[in-house]
Each structure stands twice: as structure tokens, then as C-alpha cells.
Amino acid sequence: MTDTPNTPETEAAATPAATGDTPPDRLSINQRSPFFKQELLERGIGIRFKDAVRHDVEEYCISEGWIRVALGKKVDRMGNPLTLKLVGPVEAWFERPAASDADEG
């Protein structure tokens with residue numbers, strides 16, 4: 001057994017966020033939101049909330065530490081899903097590299 005210190009480089013290599021670039025601090029899948037960015041969503045965003053990977057996130061904010069998830073199939077009178085705001089530690093990463101990164105490799 002070797003004693004290797006945990007340096008930021010070795011810890012970053014163990015996390016999914018080591019794809020080269022980081023996702024924005026806040027992102028939404030709602031097209032009417034000012035935080036909606038189609039080109040980033042096409043790459044796929046992975047979200048870890050309270051040490052569990054979530055696939056039902058509607059919006060997230062890393063710096064404020066919250067996510068919004070749909071409340072089942074309930075919708076408001078405009079047809080938008082009702083959401084809950086859950087507070088806790090949030091991590092985000094891209095699931096696929098950018099198109100320019102994929103062309104180089």
C-alpha cells in the first residue's frame with residue numbers, strides 16, 4: 001500500500017468534472033429563463049446533489065447551493081411544471097466534451 005497525498009490534481013481526476021471545462025454556475029432547462037443555454041444543454045449536464053446523482057433537475061445554482069426539481073406531473077395553469085427548491089451541496093459536470101474538443105481527439 002502506498003501513501004500518496006491527495007493533491008488537487010489527483011482529486012480532480014477522480015471526479016467527473018475533469019472533462020476540461022466547467023459548466024456555468026446556474027443553468028435552467030426552461031426556454032423562458034435567462035439562464036437557459038441550448039448549446040450547453042446539448043452536451044449533457046450531470047448533477048450530483050447531496051452525494052446522489054440526479055436526472056430530474058430543472059434548474060440548478062452551484063454558488064447558492066440549490067436545485068429545482070419537478071413535482072411529479074403537476075403543472076400550473078400555464079402548463080409549466082410545478083417545482084420544488086431543494087437546498088444542499090451541488091456539483092455539476094459536462095457529460096460530453098465540447099464539439100471543438102471532440103474534433104481534436
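Atom set for the values below is all heavy atoms of this structure, side chains included, hydrogens, waters and symmetry mates excluded. Only a predicted model underlies this, so the values are computations on that prediction, with no experimental measurement involved.
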Participant: Treat each ILVMFWY residue as a node, draw an edge where side-chain heavy atoms are under 4.5 Å apart, and state whether Leu71 and Leu86 are in one component.
Facilitator: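 The answer is yes; both residues are in one hydrophobic cluster.
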Participant: Hey, does the side chain of Arg54 reach the backbone of Gly46 with a donor-acceptor pair shorter than 3.5 angstrom?
Facilitator: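 The answer is no, because no donor-acceptor pair under 3.5 Å joins these two groups.
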Participant: Can His55 and Ile47 be said to form a side-chain contact (heavy atoms from CB on, under 4.5 Å), step by step?
Facilitator: CA-CA 7 Å; His55 300 285; Ile47 301 291; over 6 Å; no
Participant: In the structure I gave you, are the side-chain heavy atoms of Pro89 and Lys50 within less than 4.5 Å of one another anywhere?
Facilitator: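 Touching, per the 4.5 Å side-chain cut-off.
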Participant: So which heavy atom on Pro81 is nearest to which on Glu58, and how close?
Facilitator: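 Residues Pro81 and Glu58, closest heavy atoms: CG-OE1, 4.1 Å.
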Participant: Measure the spacing between CG of Asn30 and CD of Glu59 and express it to the nearest 0.5 Å.
Facilitator: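 Output value for this atom pair is 8.0 Å.
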Participant: Quick check for you: to the nearest 0.5 Å, what is the distance between Lys74 atom NZ and Thr83 atom OG1?
Facilitator: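 Answer rounded to 0.5 Å: 13.5 Å.
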Participant: So, do Lys73 and Leu82 sit near enough that their side-chain heavy atoms are less than 4.5 Å apart?
Facilitator: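 Not in contact.
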Participant: Taking 4.0 angstrom as the limit, do Arg43 and Glu95 come out as a salt bridge?
Facilitator: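 Glu95 and Arg43: not salt-bridged.
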Participant: Is it the case that atom CG in Asp76 sees more than 12 heavy atoms from other parts of the structure closer than 6.0 Å?
Facilitator: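 Yes, enclosed.
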Participant: If you define the side chain from C-beta out and look only at heavy atoms, does anything of Trp93 sit under 4.5 Å from Arg48?
Facilitator: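 The answer is yes; the side chains approach within 4.5 Å.
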Participant: Answer with yes or no whether the hydrophobic clustering places Val87 together with Val57; edges join I, L, V, M, F, W, Y residues whose side-chain heavy atoms lie under 4.5 Å apart.
Facilitator: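 Result: no, two separate clusters.
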Participant: Can you hop from Leu84 to Leu27 via hydrophobic side chains spaced under 4.5 Å?
Facilitator: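 Shared cluster, yes.
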Participant: Would you compute the distance between atom CG of Leu41 and atom CD of Gln31 and round it to the nearest 0.5 angstrom?
Facilitator: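 The distance works out to 9.5 Å.
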Participant: Which side-chain N or O atoms in residues 60-69 pair as donor and acceptor under 3.5 Å with protein atoms at least two apart or in another chain?
Facilitator:
unit_1: Tyr60; atom_1: OH; unit_2: Pro24; atom_2: O; d: 2.9
unit_1: Ser63; atom_1: OG; unit_2: Asp25; atom_2: OD1; d: 3.3
unit_1: Ser63; atom_1: OG; unit_2: Asp25; atom_2: OD2; d: 2.8
unit_1: Glu64; atom_1: OE1; unit_2: Trp66; atom_2: NE1; d: 2.7

Participant: Just how far is it from atom CD1 of Ile29 to atom CD of Gln38, taken to the nearest 0.5 Å?
Facilitator: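 If I round to the nearest 0.5 Å, the distance is 10.5 Å.
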